Amino acid sequence: YIKVTDGTAKPDEGLQKAKDAAKREVDKLLDEIKSNDADVTARKGEIKESAYAFIDGSTSEAEVSAALENAREELAEEIDFYKFQQYEFDKQWSQLHAYANEQGIQIVGDIPIYVAFDGADTWASPELFQFDEENNPVAVAGCPPDDFSATGQLWGNPLYNWEYHKKTEYDWWIKRIRHCLKLYDVVRIDHFRGFDEYYSIPYGNETAVDGTWMPGPGMDLFHTIEEKLGKLNIIAEDLGFLTESVLQMLSDSGFPGMKVIQFAFDPNGGSAYLPHNYPENSVVYTGTHDNDTTRGWYHSTDKATRDFAKE
C-alpha cells in the first residue's frame with residue numbers, strides 16, 4: 001500500500017501486478033514438473049505455498065523478483081529431470097509411432113474429457129476451470145445415481161469454465177486436440193455426452209447425489225476446432241444412457257460412435273450392440289477398459305448368454 005495526500009492508503013497497483021505475474025510464473029515453473037507421484041505433488045504444493053507467502057509479503061518489486069529467482073533456483077534440478085524424461089519419451093514414442101504406421105497400423109489415443117485437479121493444466125491455467133479465488137474447485141465432475149450406484153459416481157475432476165473457453169475461442173482445446181493428433185492417428189474422447197451436458201457436484205460433497213446437469217459447449221466447440229484444424233479423426237465414446245440432445249450432437253459432429261460386442265448377447269434379444277444392428281458410422285470394440293477380456297467374459301458369463309452368443 002502507498003500513502004496518498006489525504007492520509008489514506010491504497011494498493012500499489014504496480015507492485016500488485018508484479019506479485020500476480022510472479023505467482024503465474026511460479027505456477028509455470030511447477031508445471032514443468034509433470035509427475036503423478038504423491039510425494040512430488042506434495043512437494044510442489046509446499047513450494048507453491050512457500051513462494052506465494054514470500055511474494056505476498058514482499059514490499060517492493062525487487063523483493064518479488066528475488067522470490068521468483070529463488071523459486072527458479074530451487075526447482076531447476078527437478079524441472080530439468082522431468083524435461084529430460086519427456087524428451088526421451090517423445091523421442092521413443094515418435095519412433096514407435098512411425099514404425100507402426102510403416103506397418104499399416106494406426107494408433108488410437110484414448111483421452112479423458114477432464115483433467116486432474118493436481119495436473120499441469122490446473123496449475124498453469126486455473127482460469128480454465130471452475131475455481132474460486134483460492135484456486136479450489138467450486139464444483140467437480142461425476143455421474144448421478146443410477147441402477148448400479150445409489151449414490152452415483154464422484155470423480156472429483158475440476159469442471160471447465162466453458163464461458164471462458166468460448167471467449168478464448170477454445171484455444172486450450174484446440175492446442176490439446178492438435179497435440180493429441182500428433183501423438184496418435186485417431187483420438188477417442190471419453191464421456192462425449194459431457195460436451196452436451198455435464199454433471200456438476202458441489203465441491204466437498206461426499207457423494208454425487210446432489211449434483212445438477214449443466215449445459216456444455218455443444219457443437220460450438222467442435223465447429224471451432226474443425227475451423228482451425230480441419231476434419232477431425234475422432235471417435236466419440238457414446239456408451240450408456242443418452243438423451244436426444246446428445247444423440248443429435250453426435251449426429252451433427254459426424255464422429256463415429258462406439259459399439260461393444262460384450263454388451264450384445266442379452267438372451268432376451270433386441271440389443272443395439274448386436275452386430276447386425278450397428279449403424280455404418282460405428283467403431284466396434286470387443287470390450288472397453290471397464291470390461292473383462294473376451295476370454296474372461298466368455299468363461300464367467302452365464303450359460304444362457306454364452307448359448308446366445310454361439311447362435
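Here the structure is a predicted model, which means the values were calculated and not measured.
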Show the nearest heavy-atom pair for residues [X] and [Y], with the distance to one decimal.
{"X": "F131", "Y": "T122", "value": "CZ-CG2, 3.9 Å"}
{"X": "C143", "Y": "A208", "value": "O-CB, 3.3 Å"}
{"X": "Y114", "Y": "A141", "value": "CE1-CB, 3.4 Å"}
{"X": "A150", "Y": "P145", "value": "O-CB, 3.3 Å"}
{"X": "Y184", "Y": "I107", "value": "CB-O, 3.6 Å"}

[atom1]-[atom2] distance between [X] and [Y], expressed to the nearest 0.5 angstrom:
{"X": "I225", "Y": "I234", "atom1": "CD1", "atom2": "CD1", "result": "6.5 Å"}
{"X": "L159", "Y": "L128", "atom1": "CG", "atom2": "CG", "result": "13.0 Å"}
{"X": "Q153", "Y": "I201", "atom1": "CD", "atom2": "CD1", "result": "9.0 Å"}
{"X": "H223", "Y": "S253", "atom1": "NE2", "atom2": "OG", "result": "9.5 Å"}
{"X": "E227", "Y": "I174", "atom1": "CD", "atom2": "CD1", "result": "8.5 Å"}

Which class fits the ring pair W93 and H97: parallel under 30°, tilted 30 to 60°, perpendicular over 60°? tilted

Check the orientation of W155 and H191. Use parallel for under 30°, tilted for 30 to 60°, and perpendicular for over 60°. perpendicular

Quick check: is [Y] connected to [X] through a chain of hydrophobic side chains (ILVMFWY, heavy atoms under 4.5 Å apart)?
{"X": "V108", "Y": "I261", "answer": "no"}
{"X": "W213", "Y": "L221", "answer": "yes"}
{"X": "L247", "Y": "Y199", "answer": "no"}
{"X": "L250", "Y": "W173", "answer": "yes"}
{"X": "V186", "Y": "L183", "answer": "no"}

Could you name each residue pair satisfying side chain to side chain donor-acceptor pair (under 3.5 Å) that touches residues 236-248, not counting sequence neighbours? D196-S245, T243-S245, Q248-D252

With sequence neighbours left out, write down each residue that passes side-chain contact (heavy atoms from CB on, under 4.5 Å) with [X], or none if nothing qualifies.
{"X": "D121", "answer": "V115, F129, W172"}
{"X": "K310", "answer": "Y298, D307"}
{"X": "L181", "answer": "I177, V187, L232"}
{"X": "D210", "answer": "N205"}

Considering residues, nucleotides and ligands other than E133, do more than 12 of their heavy atoms fall under 6.0 Å from its CD? no

How about CD on E169, more than 12 heavy atoms from neighbouring residues, nucleotides or ligands closer than 6.0 Å, or not? no

pair [X]-[Y]: side-chain heavy atoms closer than 4.5 Å:
{"X": "P158", "Y": "Q130", "value": "no"}
{"X": "F308", "Y": "T301", "value": "no"}
{"X": "I113", "Y": "F192", "value": "no"}
{"X": "E226", "Y": "K231", "value": "yes"}
{"X": "Q86", "Y": "F89", "value": "no"}
{"X": "I235", "Y": "M258", "value": "yes"}

In sequence, state the C-alpha distance, the side-chain angles, and the governing distance for Y203 and V140, and then conclude on side chain to side chain contact (heavy atoms under 4.5 Å, CB included). CA-CA 6 Å; Y203 181 59; V140 294; 3.8 Å; yes

May I ask you to check whether N101 and D185 show a side-chain donor-acceptor distance below 3.5 Å? yes

Results of ring-ring contact (aromatic ring centres under 6.0 Å, His included) for Y170 - residues two or more places apart only: none

Only counting residues at least two apart or in another chain, list the ones meeting salt bridge (Lys or Arg N to Asp or Glu O under 4.0 Å) with [X].
{"X": "D110", "answer": "R188"}
{"X": "R72", "answer": "E25, E69"}
{"X": "K166", "answer": "D220"}
{"X": "K175", "answer": "D171"}

Please list all pairs meeting salt bridge (charged side-chain N to carboxylate O under 4.0 Å, His left out) that have one or both residues in residues 84-103, counting only residues at least two apart or in different chains. E88-K91

CA sep, side-chain torsions, deciding dist, call: F241, V246, side chain to side chain contact (heavy atoms under 4.5 Å, CB included): CA-CA 10 Å; F241 175 76; V246 177; over 6 Å; no

For E77, is there any backbone N or O sitting under 3.5 Å from a side-chain donor or acceptor partner on D80? no

Report the C-alpha separation of R176 and I111 in whole Å, then their side-chain angles, then the decisive distance to 0.1 Å, and conclude whether the side chain to side chain contact (heavy atoms under 4.5 Å, CB included) test is met. CA-CA 10 Å; R176 185 186 191 192; I111 70 170; 4.1 Å; yes

Using the side chain to side chain contact (heavy atoms under 4.5 Å, CB included) rule, take N161 and E127 through it: C-alpha gap first, then chi angles, then the decisive distance, then the call. CA-CA 7 Å; N161 179 351; E127 66 277 4; over 6 Å; no

Using the ring centroid of each side chain, check whether Y160 and Y198 are separated by less than 6.0 Å. no

All N/O donor-acceptor pairs, side-chain side in residues 272-285, below 3.5 Å, sequence neighbours left out:
unit_1	atom_1	unit_2	atom_2	d
N277	ND2	S271	O	2.7
Y278	OH	Y273	O	2.6
N281	ND2	G254	O	3.0
N281	ND2	F255	O	3.3
S282	OG	P279	O	2.9

